[in-house]
K.L.:
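Dumping the structure here so I can ask a few things about it.
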Protein chains: 4
Amino acid sequence: MPDTFSTAVAGASGYAGGEVLRLLLGHPDVTIGALTAGSNAGERLGGLQPHLLPLADRVLEATTVETLSGHDVVFLGLPHGQSAEIASALGEDTVVIDCGADFRLTDAAQWEKFYGGTHAGSWPYGLPELADQRTALGGARRIAVPGCYPTVSTLAIAPALAAGLVEPDVAVVAASGLSGAGKSLKPHLLGSESMGNASAYGVGGVHRHTPEIAQNLGLVHDAAVRVSFTPMLVPMSRGILATVSAPLVGAVGEEQARQAYAAAYGDEPFVHLLPDGQWPQTKAVVGSNAVHVQVAVDESAGRLVTVAAIDNLTKGTAGAAVQCMNLALGLDETTGLSTIGLAP
Amino acid sequence: MPDTFSTAVAGASGYAGGEVLRLLLGHPDVTIGALTAGSNAGERLGGLQPHLLPLADRVLEATTVETLSGHDVVFLGLPHGQSAEIASALGEDTVVIDCGADFRLTDAAQWEKFYGGTHAGSWPYGLPELADQRTALGGARRIAVPGCYPTVSTLAIAPALAAGLVEPDVAVVAASGLSGAGKSLKPHLLGSESMGNASAYGVGGVHRHTPEIAQNLGLVHDAAVRVSFTPMLVPMSRGILATVSAPLVGAVGEEQARQAYAAAYGDEPFVHLLPDGQWPQTKAVVGSNAVHVQVAVDESAGRLVTVAAIDNLTKGTAGAAVQCMNLALGLDETTGLSTIGLAP
Amino acid sequence: MPDTFSTAVAGASGYAGGEVLRLLLGHPDVTIGALTAGSNAGERLGGLQPHLLPLADRVLEATTVETLSGHDVVFLGLPHGQSAEIASALGEDTVVIDCGADFRLTDAAQWEKFYGGTHAGSWPYGLPELADQRTALGGARRIAVPGCYPTVSTLAIAPALAAGLVEPDVAVVAASGLSGAGKSLKPHLLGSESMGNASAYGVGGVHRHTPEIAQNLGLVHDAAVRVSFTPMLVPMSRGILATVSAPLVGAVGEEQARQAYAAAYGDEPFVHLLPDGQWPQTKAVVGSNAVHVQVAVDESAGRLVTVAAIDNLTKGTAGAAVQCMNLALGLDETTGLSTIGLAP
Amino acid sequence: MPDTFSTAVAGASGYAGGEVLRLLLGHPDVTIGALTAGSNAGERLGGLQPHLLPLADRVLEATTVETLSGHDVVFLGLPHGQSAEIASALGEDTVVIDCGADFRLTDAAQWEKFYGGTHAGSWPYGLPELADQRTALGGARRIAVPGCYPTVSTLAIAPALAAGLVEPDVAVVAASGLSGAGKSLKPHLLGSESMGNASAYGVGGVHRHTPEIAQNLGLVHDAAVRVSFTPMLVPMSRGILATVSAPLVGAVGEEQARQAYAAAYGDEPFVHLLPDGQWPQTKAVVGSNAVHVQVAVDESAGRLVTVAAIDNLTKGTAGAAVQCMNLALGLDETTGLSTIGLAP
């Protein structure tokens, strides 16, 4: 194993790219090579990501195969549909980690229904805590980083489904901070519109993360899992709080449910079942790769209800990317990642 | 009918009392009499509610039967358990409008389970848009203002239940601003803790508004309605955004669902079904008595999903109180109330 | 005087236009005629300003002389430089109220230095509380609504200058909510960037509101007033909190200073000197036309320090516009305006 | 030098203590020993500081000399007035770092005027970037961590004063996030009150940080420096943005001013003069120990204006504490500290 691995980040002016860089700056085993962008190529990084002070004077290059070639690891934070071409031109030994959606779905029909256009294929799915994904990620050279909502929703309910505690009929309602929408210049994302405002969008099963959640849950349950997914925007920059519920299968006690979660996540370095009586909050995981989970049994309603919190940019995107890089390179999975949030 | 009605507000230093006063200041048919408080008695209102400039120099009196007597209408914004004694001492002809929970539940067992202590009884329930409540409120002299979560949750799903579109098995996830918790001095309500933070609480059917939602929905459905209710706090002062879903009964089309809602709310002055494709946001209803509702059918998940937004302090508390006062006094129901929000 | 006056709003999809409409909807003496926009022409207002429910189904027309003609009052909420041409084509008897900057500055050289391009001229300045502006606004047919920062800064320090308590050497630092920047789609205005963030801009005397403040203060002081103005953006939608200080002239006592402010604003319906010990906060004036002011004498530093709060969209823009309309039409100056804020 | 130094934190349930712990968890040369609290003694840290996951199961002890004894370093995050007694009972070789105010002021008269009670004395002042403080901090065994406002205000204007560019007549207006007020349960600090709100307080030279700023600036200027200090609360958890201005001495060019700052801070690891045209924002320094500074010359107003941003809990408190610990222990000054912020 070399002393250090060289990395490049495509889309370094965006939120995914910026968070990858924040984490790589604290990673002991990597160097940071090419930083590329689309319309921001040629600009100082310091003007775009002023929080990344050690890289302030780096100038962004254009996102091309040439600039990205020659690195051990390439992170892609690109708009949908742009990853396939670049990845195919990079060497087979390069670890290519796509923070976008292009290679997440295995079902071409679902891809076409939700994203449109041609399905690029699928890569090992970067959620090590799900089923046997960790094994698949070891030594992988192409990795699809999960969506932020699918990460938190999947981890919130998978143990209950796997243990047969609930019916495969899952309702997810998740509140996300604004950074989940990226730096898109859309009116409803302005601070003046979004501060003091909670708003629904993508209701009724039309959000693109719906099939991804169902795909994940299908890996822990014998039959297809029905997923009702409703996202909402709430006035914060970072974080997702997901409430996931499903009908109980017979009489399930809360202690039984807790045991299922404790067993599922007891050895996981980043997924943390909170003590009885303590409920997740996003601020506790801001900037960290941790997932906080809690579970309750509502006998009266006949439902199991779980709540989970992540930072959409860390465990929901860039932290997962670095976690997968570690697995791909044979490093300790937790290197350069933290379970400590930034609060208050 | 007299030219104007005299009003008093108990709990004028709190959020419910302050919002009642904001609305009464714009109401053409009332005068504002006694303003009372508990620990803040003796203080200038201007120091506690600096936004109510025309009342800034009014001094709060102690909340007693004496100070509250002699008004046509008395609004109570008191901690749970304090309304019964005061109400019983006020004249039978006085319109007493309780913004607290004491008289909302009809079932003493549910009261004892969720609130503890002795059930004070029940009063006409101040949600005119529900079943035949409007009739019951006409001329009423005792009125229980609904809880904020029950108001928005009930209005979001009642038409679907009433029309038999969904099973009586309802899942509510609602995001609320901080003012819903009142001025309680608790650490998690501090700005430093709550800004940038979404947090769950009262999960698993233990929140006190759960039986109230079920009671309401029982009025529009033949059988008992199971309710799974999960609240969360999100970083804003005002507003609730509720997502309510339930399993479809057979094949229900979205147009059929929209028609049920259009029929239910077509004549309602404050409940507004948004045009197709537009989803509720809390900021559009801040300071207004309006409820914005939208509905979707998720065929793939087999669920009907609705989203509704209110201002928890206006339609969720003080606006409902004034709306009910209007009905009780025989005034036009909309007097002094607005459907215009304050945005951005 | 006619029963009602017809009004039109150019730029009805923007923040200034939206706030003008919010106020006009509550104004007893006007009807709302043409609503026009630039790129949003042809759209339903309800999709752009969902809080203005009574106007939701109105469709925006193009901003042209034709659509705006034939009204008693025309409000202009247009980008800089577009008002002059439209105004010149509207009848001389039409009350034209420009919420933009085009006609605020009297000095062409200052206009060219700070805005560039040709100076369009100057109109009566819509700050009735300043010097003899109220008289000039009575019956006026062309009115320039002041900038938001100049309104709050001027009112904060003018009495002290007029009374000779301070040197004409004023330092203004003002924190503004995001709506002051309009709906411009710029990255730093995104919610993800601006939440949790305080940022400086326009430092060093380069902000366009600098000469406007100096112009105003020149009206209450014999000689030129030097103004150092530093704006900052803070994470809220509405509101400006301005701190204004200047060196004391000799020994000025706090009581003396308070008396100067009490005398200056005692008869003003919208400017309110807070009681001793209470300091302004923006939330107390949100949605209201009120200005809250407080003053202190810092003997140790040798400075008089004042703080004032306004809602940048109400008293800072649209409320001032309606106040001026009232004066122009001979209505009571306060008609349709409130001193009650929306809090919490 | 030992391999690692043992540390204890008094006040581990508060914000200063929590932030010290967040930093110590990432510091390679320390172990974390006793964690103590006042009213929270006996509780799990995980319930109070859920973001500090690795310490979640640690139970807080009472703050006593016994629990704190036997560590190499003791951090005190205590209410004013409690540090002296504990410090005097800890060994002389123990490094005691007080995050409170007790030992910051050298002038007993100023202490009594602003804090009341008996002056406890003064310790080496933990602002290494100021005058010759770095030398004094090397090997120190008692250290007073500066106040957050004094840190950012001092660093913003000291180079200009030291270089004789400005008169010793400084006006500071600083906007702070809510965490600066600690976890005090006061109504105006509630999220419902503080969100969407900018408010002034401590105006007119009465804030306790005023004499501390003056004391600092007196170290870089021959004569006494007059300081007008106005703090305000703005709706964010962390961060201070300070605007500091002073009259120019003669004709000072912007390039000359920039050079003075570049010279003063060129070798400082944590103070960063931004490139021309880029202005500080608090979000760029959240969680980091960096200070971002920018300077402008306003010829028209005759003032030099600087803006600086820090995280009040990091460089403003706990980061400074760790930086000073490093100096006291002979470690590299930057160990365990970062110049990378958490954004967006």
Side-chain angles (χ1 to χ4, degrees), chain C residues 169-171 173-177 188 190 192-206 210 214 226-230 232-241 243 245 247 254 279-284 286 294-307 309 343-344, chain D residues 169-171 173-177 188 190 192-206 210 214 226-230 232-241 243 245 247 254 279-284 286 294-307 309 343-344:
Chain C
D169 193 1
V170 170
V173 180
S176 174
H188 76 286
L190 288 172
S192 44
E193 299 284 320
S194 54
M195 292 181 193
N197 199 11
S199 60
Y201 71 106
V203 185
V206 301
T210 309
R226 294 210 298 184
V227 173
S228 165
F229 172 52
T230 308
M232 64 175 93
L233 285 178
V234 298
M236 55 194 195
S237 286
R238 286 176 177 241
I240 301 181
L241 189 78
T243 294
S245 68
E254 201 152 289
W279 286 89
Q281 50 179 290
T282 59
K283 212 161 179 174
V286 163
Q294 185 55 288
V295 59
V297 169
D298 184 344
E299 286 180 22
S300 173
R303 293 182 84 84
L304 181 137
V305 185
T306 72
V307 178
Chain D
D169 195 1
V170 170
V173 180
S176 174
H188 75 287
L190 288 172
S192 43
E193 299 284 321
S194 53
M195 292 181 192
N197 199 12
S199 60
Y201 71 107
V203 185
V206 301
T210 309
R226 295 211 297 184
V227 172
S228 165
F229 171 51
T230 307
M232 65 175 93
L233 286 178
V234 297
M236 56 194 195
S237 285
R238 285 176 177 241
I240 301 180
L241 189 79
T243 294
S245 68
E254 200 152 290
W279 286 89
Q281 51 180 288
T282 59
K283 214 161 178 174
V286 163
Q294 185 55 288
V295 59
V297 169
D298 183 345
E299 285 179 25
S300 173
R303 293 182 84 84
L304 181 137
V305 185
T306 72
V307 179

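Below, read A as the first sequence line, B as the second, and so on, with proteins coming before strands; counting in each chain starts at 1. All values reported here derive from a predicted model rather than from experimental measurement. The basis for the numbers below is simple: all heavy atoms, side chains too, and nothing from hydrogens, waters or symmetry mates.
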K.L.:
D:V227 versus chain C, heavy atoms under 4.5 Å apart: side chain, backbone, both or neither?
P.N.:
backbone
K.L.:
If you count heavy-atom pairs under 4.5 Å with chain D, which of C:P280, C:A171, C:A175, C:G239 comes out on top?
P.N.:
C:P280
K.L.:
Can you tell me which portion of D:A198 sits under 4.5 Å from chain C's heavy atoms? Options are side chain, backbone, both or neither.
P.N.:
both
K.L.:
Between atom CG of C:L241 and atom CH2 of C:W279, what is the distance when rounded to the nearest 0.5 Å?
P.N.:
10.0 Å
K.L.:
Using a cut-off of under 4.5 Å for heavy-atom pairs, which of C:H188, C:M236, C:E254 has the most such pairs with chain D?
P.N.:
C:M236
K.L.:
So, taking the atom named CG in C:L190 and the one named OG in C:S192, what distance separates them when rounded to the nearest 0.5 Å?
P.N.:
4.5 Å
K.L.:
For the atom pair CD (C:Q281) and CD (D:E193), what is the distance rounded to the nearest 0.5 Å?
P.N.:
7.0 Å
K.L.:
Nearest 0.5 Å, please: how far is CZ in C:R303 from CG in C:D169?
P.N.:
7.0 Å
K.L.:
Which bit of D:S237 is near chain C, if near means a heavy-atom gap under 4.5 Å: side chain, backbone, both or neither?
P.N.:
neither
K.L.:
Drop me the distance from D:E299's CD to D:L304's CG, to the nearest 0.5 angstrom.
P.N.:
11.5 Å
K.L.:
Of the listed residues (C:V286, C:T243, C:T306), which shares the most heavy-atom pairs with chain D below a 4.5 Å separation?
P.N.:
C:T243
K.L.:
With a 4.5 angstrom heavy-atom cut-off, is it the side chain or the backbone of D:A296 that approaches chain C, or both, or neither?
P.N.:
side chain
K.L.:
Determine the minimum heavy-atom distance between D:K283 and C:M195, stating which atoms define it.
P.N.:
NZ-O, 2.6 Å
K.L.:
With a 4.5 angstrom heavy-atom cut-off, which part of D:A200 approaches chain C: side chain, backbone, both or neither?
P.N.:
both
K.L.:
Where do C:S228 and D:D298 come nearest, in terms of heavy atoms and distance?
P.N.:
CA-OD2, 4.0 Å
K.L.:
With a 4.5 angstrom heavy-atom cut-off, could you sort out which part of D:V297 is near chain C: side chain, backbone, both or neither?
P.N.:
backbone
